[in-house]
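Accompanying notes for the structure given below.
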Amino acid sequence: MNTKNKYIKILFSARRWMQMLLKVGSFCKRLIYFATQQHQKPNRHHKFIKGLFLTTLLISLLLGQVGSAQTPNVTSLVEQGIKDYEAGNFFNAIKHWQEALNQDKNNPSATAVVNENLARAYQQIGENKTAIASLSAAINDYSAVGNIQQVGRMKSELAQVYSNLGQPRKAIALLCGKLVDKSKSPENQPSQEVKCTPESAAQIATKYNDKSGQVAALGILGEAYRLIGDYDQAIEYLHQAQQLYPAYDFLVLNSLGNAHKSRAQLRELQADSANKAGILSKENEFNQKSLEDYREAHQYFEKSTQLASDQKQTLAKMRGLLNLIQLASQTNRSKVMNDREFNKTVDDALKVLETLPDSATKVYGAIDLAYLQSDAKGNSPFTYCPNSRILPDADVLSLLHKSVATSKNLQDNRLLSYSNGALGHFWECEPKKETEALKYTQTAIVAADNKLSAKDSLYLWEWQAGRILDKQNRKEEAIASYQRAFDTLEDIRSDILTAERDVQFDFRDVVRPLYRTLAQSRLDLLAVGAIADERRANELSEVVKTIDALKLAELQNYFGNDCILSVLNPKPVGELLKDNSVAFQNTGFLSSIILEGKTGILLQLPNQATKFKWIEDSNQEDTNKIVSSDTLQKKIAEFRTGLVKGEELINYDTTTAAQLYDWIIRPFAEDIKPEKIKTLVFIQDGFLRSVPMAALYDNQEHKYLVETYAIATTPSLRLSTPKASDRSTQKALILGLTETATIDGKIFDALSAVPDEISAIKSIFPRHTDLIDENFFPESFQKTLDKSTYPIVHIASHAQFGIIPEDTFIVTGKNQKLTIGQLENSLRNLNSKSDSVELLTLTACETAFGDDRATLGLAGVALQVGVKSAIASLWSVTDESTSELVKAFYTNYRNAGMSIAEALQKAQIRMIHAKKLPPSEINPSYDNPAYWAPMIAIGNWL
């Protein structure tokens, strides 16, 4: 949703397949009548006409138990639970059904039904994990009595709960058993049709010709694929559901609208990436496809709203109206509707809202409308104060108060938390209303923390409380609140960052600011007055933890999955640095953190206290010598531009490189004296990732940084595996492209120096396999890896790193490309950990400067594909100089006593001293950093 936190949206919108189809009241009463008056089992298909997953609460319980002494009491408990559920008293319903379950544990046909309805009640109060246990018990019970059709339905419902928890892949496993692999589909072709496994929900429904079960499985399957970012597959499944169950078409139409909207947003990102890559034709193509998707989304939402209105489904109509409003708010409104249509839709939504029964839709709808803006900054209105709300303040306040009242009536902690938090934010943005803001925000925190039923909103309100306390100058309390928000977000990060690829659109607005706010608050605290050494050390330790978590979150968000967690070292950074192994000897770690208005550098050395300094310019005349983040960013851009264009100059101008050295390195000169520290590992933030630290210049010593230290970089120390490998018998897979290639309309020039480069690498690694030009394509790469183990994989070809993974690929022969997904699948499919690739080298890379997501992709590629180290260039340079550098690197690398970072350092120093060597040995112009600086070592530096 545009006007509320997307993580709440995941839990709410994904559940609508259940909520909008369950009509517990009238239908349960009818079933009670059948059971008590006729004592015969009603037709199974009839029971699913009014709701996809509605099952009787009493039939199984009563049949066959007429003579039981316990039956009347159990029946009474179940019937009372039904009344409570109908009235919205979910806690009481759970109490009665749980008691009924305890009284009749040995009758699976009875306990199955009670368990499945307990699961629904638990979902209503936000206890999804308990719901999973109840549904799992129901599946076991139905299996025990041979009711396989009902097993399939329960698997569908369990899949829905997993989607609610942000685990769509588990949902897909239950629904179909197989995940469609996009990377194995031909380029520009839809994903291949996959037949679901026999035990899956979809296949069970098909086997029993259960159309209602089929449409439920397909609908939830479509939603799950949407959540993992496979919008094409999502749309395909939703179309299948639409054909099967036209009676409830408005649900499928709503989901189709959401899928098209998500794909439109992705295509906007792809257009932006194409723009930065300079591919005008692809930019226009993606923009046009995005516009088409937005319009299709609008049509589906309109059809859904009209159909819901015709069928007098007010909750569904409200959902459709809100989707239309949010669609217009999330994009250029003129793409989907004019101002008159928009205003009418808002008015209609306000009218429908008044007619709604108390429900989650009513609560969220009121808040959505209250925070509706004409120029929304991001996807969550609770991270900033909106200044362009559509509705007058009085109407906004009325809607928010009504949402609180409805939540109280429903006794739903999740809704209570969200509505109070939204009201607290309203007051947070009003002048001198901190007391009211804090009151409602704390109420939201208490509600969210009740049995931790709403942790996905708890971090939001703790963060909000921190901001309010900051305004009141209660700094220590504010930090404590920020810390609680951070801790909560860390608990659920792996779910929310991979739950929905849409999250990448608002990650910078929602997640990243919290991490930075916490770090800055702690650092600012250290600057106020005298702080004891122990307290200072603890605060800096917490800052390091926060920065490291931010780096991990950004990587996880960029790639849209949790693969990086499989290589995550469980030890915190502080403990890693107490390791006395060779990995951390003589090594210093410099971490950057870009904050509001300034940038800090932390130095960590083994078994020493962390040191911190703001980047300052000692030459500034004013008393405040801190370099602003904007100034630093401009200087970094100037530095990179000078390097990229440096090959056009006879002599490289080191002025900017020297200034950056003075800002970043010189303040720590006494701590990293070269007689003690031999290697520097940089853990960079934001735009600092786009430049090579090796080219910083020490004006006093007249040396580049790499002449003093071996240099490496890593996204996070916890993601590195610093361990030297046995290089005596290593085998290499050498992949190369010498010919001109055209990919997505972009021409990639022939690489004339690649044959010499490949020839040299072959001589360095006698045990090798090579795939060159037309022999190098995705399928041949996969087949070659399947046959043998290659610790070294060298790719001499163009590699593009876009701002999204979809635009990250390696150019192969036959005008094809090896995507990051295909590369990952190929390398991760190796038989064992012992088969893992030690070193992946990529030459002739290109990244889009101006968006640090591109360089984030470069830094994360080694981790994503499961290799320990990578050598790659930050931008494409002449293949002749690259070939020269790579040959020297591999020669050094084969020396067992030289680390990866040292091997690259020696190769770069050789080029720096090119004018001192015979011209027949090396081109003298290669001393220019434009030729040697772009190549960086990523990951394991040993």
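Computed from a prediction, not measured in an experiment: that's the story for all the values here. Numbering starts at 1 and runs along the sequence shown.
The line from OG of Ser403 to NZ of Lys362 is 10.5 Å long, rounded to the nearest 0.5 Å. The OG atom of Ser134 sits 7.0 Å away from atom CD of Gln98, with the distance rounded to the nearest 0.5 Å. Of the inter-residue distances, the one linking Lys170 atom NZ with Leu158 atom CG reads 9.5 Å to the nearest 0.5 angstrom. The OG1 atom of Thr406 lies 10.5 Å from the CG atom of Leu416; values are rounded to the nearest 0.5 Å. Taking CD1 from Ile139 and CD from Glu157, the interatomic distance works out to 9.5 Å, rounded to the nearest 0.5 Å. In this structure, CG in Leu458 is found 12.0 Å from CG in Asn413, a value given to the nearest 0.5 Å.
When all heavy atoms are compared, the tightest approach of Ser417 to Ser457 is OG-OG, 3.3 Å. For the residue pair Ile94 and Ala121, the shortest heavy atom distance occurs at CG1-CB, 3.5 Å. Nearest approach of Tyr237 to Cys176, heavy atoms of both residues: OH-SG, 4.5 Å. Closest non-hydrogen pair, Ala360 versus Leu410, comes out as N-CD1, 4.2 Å. Annotation for Ala349 and Ile325: closest pair CB-CD1, 3.9 Å, computed over non-hydrogen atoms. Taking all atoms of both residues into account, the shortest heavy-atom contact from Ile204 to Pro198 is CG1-O, 3.7 Å.
Judged purely by atom type and a 3.5 angstrom limit, Gln464 uses its side chain to pair as donor or acceptor with the backbone of Gly421. Proximity of a side-chain donor or acceptor of Ser163 to a complementary backbone N or O of Pro168 within less than 3.5 Å is not detected. Judged purely by atom type and a 3.5 angstrom limit, Thr361 has no side-chain atom pairing as donor or acceptor with the backbone of Ser359. Distance alone, capped at 3.5 Å, is enough to place a donor-acceptor pair between the Tyr371 side chain and the Ala422 backbone. Side-chain atoms of Asn89 do not come within 3.5 Å of backbone N or O of Asn92 as any donor-acceptor pair.
Applying the side chain to side chain donor-acceptor pair (under 3.5 Å) test to Gln243 and every residue at least two apart in sequence or in another chain returns nothing. For Lys155, the salt bridge (Lys or Arg N to Asp or Glu O under 4.0 Å) test picks out no residue, with sequence neighbours left out. Under the salt bridge (Lys or Arg N to Asp or Glu O under 4.0 Å) criterion, Lys303 pairs with no residue at all, not counting sequence neighbours.
The only option from Asp368, Ile367, Leu423, Leu350 that meets the side-chain contact (heavy atoms from CB on, under 4.5 Å) definition with Leu399 turns out to be Leu350. When Leu307, Val352, Leu356 are each tested for a side-chain contact (heavy atoms from CB on, under 4.5 Å) with Lys317, only one passes: Val352. When each of Phe90, Phe91, Tyr122 is paired with Tyr85, the ring-ring contact (aromatic ring centres under 6.0 Å, His included) condition holds for Phe90 and for no other.
Between Asn420 and Trp461 the shortest side-chain heavy-atom distance does not fall below 4.5 Å. Considering only heavy atoms from C-beta on, Met154 comes within 4.5 Å of Gln150 through its side chain. Counting heavy atoms from C-beta outward, Ile235 and His239 have side chains that approach closer than 4.5 Å. With contacts defined as side-chain heavy-atom distances shorter than 4.5 Å, the pair Phe301/Asn258 qualifies. A 4.5 Å side-chain heavy-atom check between Val78 and Trp97 finds at least one atom pair inside the cut-off. With contacts defined as side-chain heavy-atom distances shorter than 4.5 Å, the pair Val113/Tyr142 qualifies. Between Leu77 and Gln80 there is no side-chain heavy-atom pair separated by less than 4.5 Å. Contact check for Gln242 versus Leu253: side-chain heavy atoms found under the 4.5 Å cut-off.
Under the 4.0 Å criterion applied to side-chain N and carboxylate O atoms, Lys95 and Asp84 are not assigned as salt-bridge partners.
For Arg120 and Gln123, the side-chain atoms include no donor-acceptor pair closer than 3.5 Å. Inspection of the Gln214 and Asp210 side chains reveals no N or O donor paired with an N or O acceptor under 3.5 Å. Inspection of the Thr314 and Thr355 side chains reveals no N or O donor paired with an N or O acceptor under 3.5 Å. Side chains of Tyr225 and Glu236: a donor-acceptor N/O pair is absent below 3.5 angstrom, by distance only.
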Check: Leu353 and Met318: side chain to side chain contact (heavy atoms under 4.5 Å, CB included), yes or no, with the steps?
Finding: CA-CA 7 Å; Leu353 186 69; Met318 186 66 188; 3.8 Å; yes
Note to self: Using the rule given for side chain to side chain contact (heavy atoms under 4.5 Å, CB included), can you reason through Tyr364 versus Leu415, listing the C-alpha separation, both sets of side-chain angles and the distance that settles it, and then say yes or no?
What the structure shows: CA-CA 8 Å; Tyr364 289 133; Leu415 298 178; 3.7 Å; yes
Next item on the list: Would you please test Leu369 and Leu322 for side chain to side chain contact (heavy atoms under 4.5 Å, CB included) and show each step?
Entry: CA-CA 8 Å; Leu369 292 169; Leu322 289 173; 4.2 Å; yes
Notebook entry, point to check: How far apart are the C-alpha atoms of Leu174 and Ser156, what are their side-chain angles, what is the distance that settles it, and do they pass the side chain to side chain contact (heavy atoms under 4.5 Å, CB included) test?
Noted result: CA-CA 7 Å; Leu174 284 162; Ser156 288; over 6 Å; no
